[in-house]
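Values below: all heavy atoms of this structure, side chains included; hydrogens, waters and symmetry mates excluded. One-based numbering, in listed order, for ligands and for the atoms of each. Every value quoted in this text rests on a predicted model; they were computed, and no experiment measured them.
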Amino acid sequence: MRTTTARAHPNIALVKYWGKADEDLILPAAGSLSLTLDQFPTTTTVAPAPSAELDVLELDGRPADAGQTARISDFLDHVRTLAGRDERVIVRSRNSVPTGAGLASSASGFAALATAAAAAFDLDLSPRDLSRLARLGSGSACRSIAEGVAVWHAGDDASSFAEPVDAPDMRMIIVTVDRARKAVSSREAMRATAATSPFYSGWVSSTEDYLRQMLVACRAGDFTRIGEITESHALRMHGLIQSTVPPIRFLNPTSHAIFDAVAEAREQGIEAYSTADAGPNVAVIVRPSDAGALAGRLTAFGDVRVVGPGPGAHLCTEEGAAVPAAAVDAAAPVAVPASEPASEGGRA
Ligand code: PMV
């Protein structure tokens, strides 16, 4: 075993994942497609803890609680099984995503952890197998293994992984309207939607259809069609989620106002399209040449960051050579407010 550090970035889905075909293996009911970002990284170090009886987890410099540690430890059990080893480890993770606010911190969190832990346990996994491993931590994490635009295939354990897709260059404007932890985790909400919404089966079949169309649009470099599908699919997902019994709502009035402002910008010739994950924050895709102008308009609604396509999860040093934890701490970009509750390994 060795000490390793990995970094991964969040991704925002343009065709959303909402609902599982298998809860244990985290197999999605339908495929999805996302953009891995070039900002808000999670940096995670995995170090052997030969004398420890349990895994130890530190999030943003603070000891994690029992629930968070158990989720990480369960994930590490998959890695230990693959490696045929049983050593416990210390995991130190730093997030620069506002945790639990629907900005995909579980995706970057588990992608970074999978990458660091696989290397720490001397596993030499292909990108496909690393993506399958990250999926076991949090479904959307499998897409953060891949750079840029990535498709996550539905399927069985062997065939459900994410891989990069050619797509036109685009920017995403992230409008953070609320950094608070959301009341319902996406995991629980997803389960409740699948169990109670009368629209769930239509959602699954129409998602498959949209994904096929999205892949055609990406290959053709058709930004307009990519945008139309993105916004329509996001609104369908939020409509579906609101049809859960009892209802769940993630968007707030500011989120809706941003969708309206983007539609208005479109009418005025700035082609842009909105989406939102399981939280009130809105992500807007736009052509690179229009990003600055649109970002200026959206500052009225919250903190605005213009992001681009980012790298896939990667080890931070060549071949994962040991990195002293202190060096990692100094290198990690951290922008999480001190009052933020620690994430349970990310977007809960
Ligand atoms: O991977 P999870 O359990 O964090 O769920 C992600 C759900 C959405 O962000 C709402 C959609 C998606 O495809 O990322």
Side-chain angles (χ1 to χ4, degrees), residues 8-37 40 42 68 71 74-75 95 97-114 131-146 149-154 160-162 172 174 181-182 184-194 197 203-204 207-208 210-211 214 229-231 233-242 244 248-251 255 274-283 285 313 343-348:
H9 291 76
N11 66 75
I12 301 284
L14 308 184
V15 173
K16 304 290 189 191
Y17 148 59
W18 196 260
K20 294 179 176 63
D22 186 308
E23 290 271 343
D24 296 327
L25 292 170
I26 313 201
L27 298 173
S32 57
L33 180 137
S34 61
L35 179 70
T36 297
L37 312 183
F40 308 118
T42 297
Q68 294 164 334
R71 186 167 172 196
D74 286 351
F75 176 76
N95 244 329
V97 185
T99 50
L103 270 182
S105 58
S106 70
S108 53
F110 278 104
L113 178 62
S131 177
R132 290 174 53 231
L133 176 63
R135 193 197 75 218
L136 296 171
S138 177
S140 56
C142 76
R143 298 185 310 231
S144 280
I145 298 296
V149 174
V151 59
W152 172 16
H153 305 286
S160 185
F161 60 90
M172 189 173 259
I174 310 276
R181 189 174 188 72
K182 56 188 184 251
V184 194
S185 73
S186 45
R187 187 164 282 203
E188 287 166 43
M190 222 179 257
R191 205 176 280 144
T193 304
S197 171
W203 157 258
V204 172
T207 297
E208 286 161 350
Y210 259 176
L211 181 59
M214 181 62 111
I229 296 171
T230 296
E231 189 166 302
H233 198 250
L235 291 171
R236 277 188 194 177
M237 180 185 79
H238 286 279
L240 172 83
I241 293 171
Q242 290 177 41
T244 302
I248 299 171
R249 286 188 299 164
F250 288 118
L251 300 180
S255 326
S274 305
T275 186
D277 280 343
N281 301 315
V282 178
I285 57 166
S343 77
E344 59 173 62
R347 173 177 51 195

Inset, instruction - For Ser186 and ligand 1, answer yes if some heavy atom of the residue is under 4.0 Å from a ligand atom, otherwise no. - result: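 Per 4.0 Å heavy-atom rule, Ser186 contacts ligand 1.
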Inset, instruction - Using non-hydrogen atoms of the residue, decide whether Arg187 is closer than 4.0 angstrom to ligand 1. - result: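 Per 4.0 Å heavy-atom rule, Arg187 does not contact ligand 1.
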Legend entry - Arg249: side chain to side chain contact (heavy atoms under 4.5 Å, CB included) partners, not counting sequence neighbours: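 Side chain to side chain contact (heavy atoms under 4.5 Å, CB included) list for Arg249, sorted by chain: Gln242.
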Inset, instruction - Find out whether Glu23 and Arg191 are in side-chain contact, i.e. whether some heavy atom of one side chain is under 4.5 Å from a heavy atom of the other. - result: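 Heavy-atom side-chain distance check passes, below 4.5 Å.
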Legend entry - Met237 vs Thr275 side-chain heavy atoms within contact, under 4.5 Å: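 Side-chain contact under 4.5 Å: no.
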Only heavy atoms of [X], strictly under 4.0 Å: list the atoms of ligand 1 that pass.
| X | answer |
| --- | --- |
| Met190 | 5 (O), 7 (C) |
| Ala278 | 10 (C) |
| Gly139 | 1 (O) |
| Ala13 | 12 (C), 13 (O), 14 (O) |
| Lys16 | 13 (O) |

Tell me which donor-acceptor pairs under 3.5 Å the side chains of residues 24-33 have, and how far apart each pair is, sequence neighbours excluded?
unit_1 : atom_1 : unit_2 : atom_2 : d
Ser32  : OG     : Arg143 : NH1    : 2.8

For ligand 1, which is the ligand I care about here, please tell me if [X] has any N or O atom under 3.5 Å from one of the ligand's N or O atoms.
| X | result |
| --- | --- |
| Ser106 | yes |
| Arg143 | yes |
| Ser138 | yes |
| Tyr17 | yes |
| Ser140 | yes |

Legend entry - Candidate list Trp152, Phe110, Phe161, test side-chain contact (heavy atoms from CB on, under 4.5 Å), partner Cys142, passing option: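 Checked Trp152, Phe110, Phe161 against Cys142; only one passes side-chain contact (heavy atoms from CB on, under 4.5 Å): Trp152.
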Legend entry - Exercise: identify the closest heavy-atom pair between Asp277 and Phe250: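 Looking at all heavy atoms of both residues, the shortest contact is O-CB, 4.5 Å.
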Legend entry - Ring geometry between Trp203 and His233 (parallel below 30°, tilted from 30 to 60°, perpendicular above 60°):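 Plane angle under 30°, so parallel.
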Legend entry - Residues Ser144 and Ser108: side-chain donor-acceptor under 3.5 angstrom: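 There is no such pair between these side chains.
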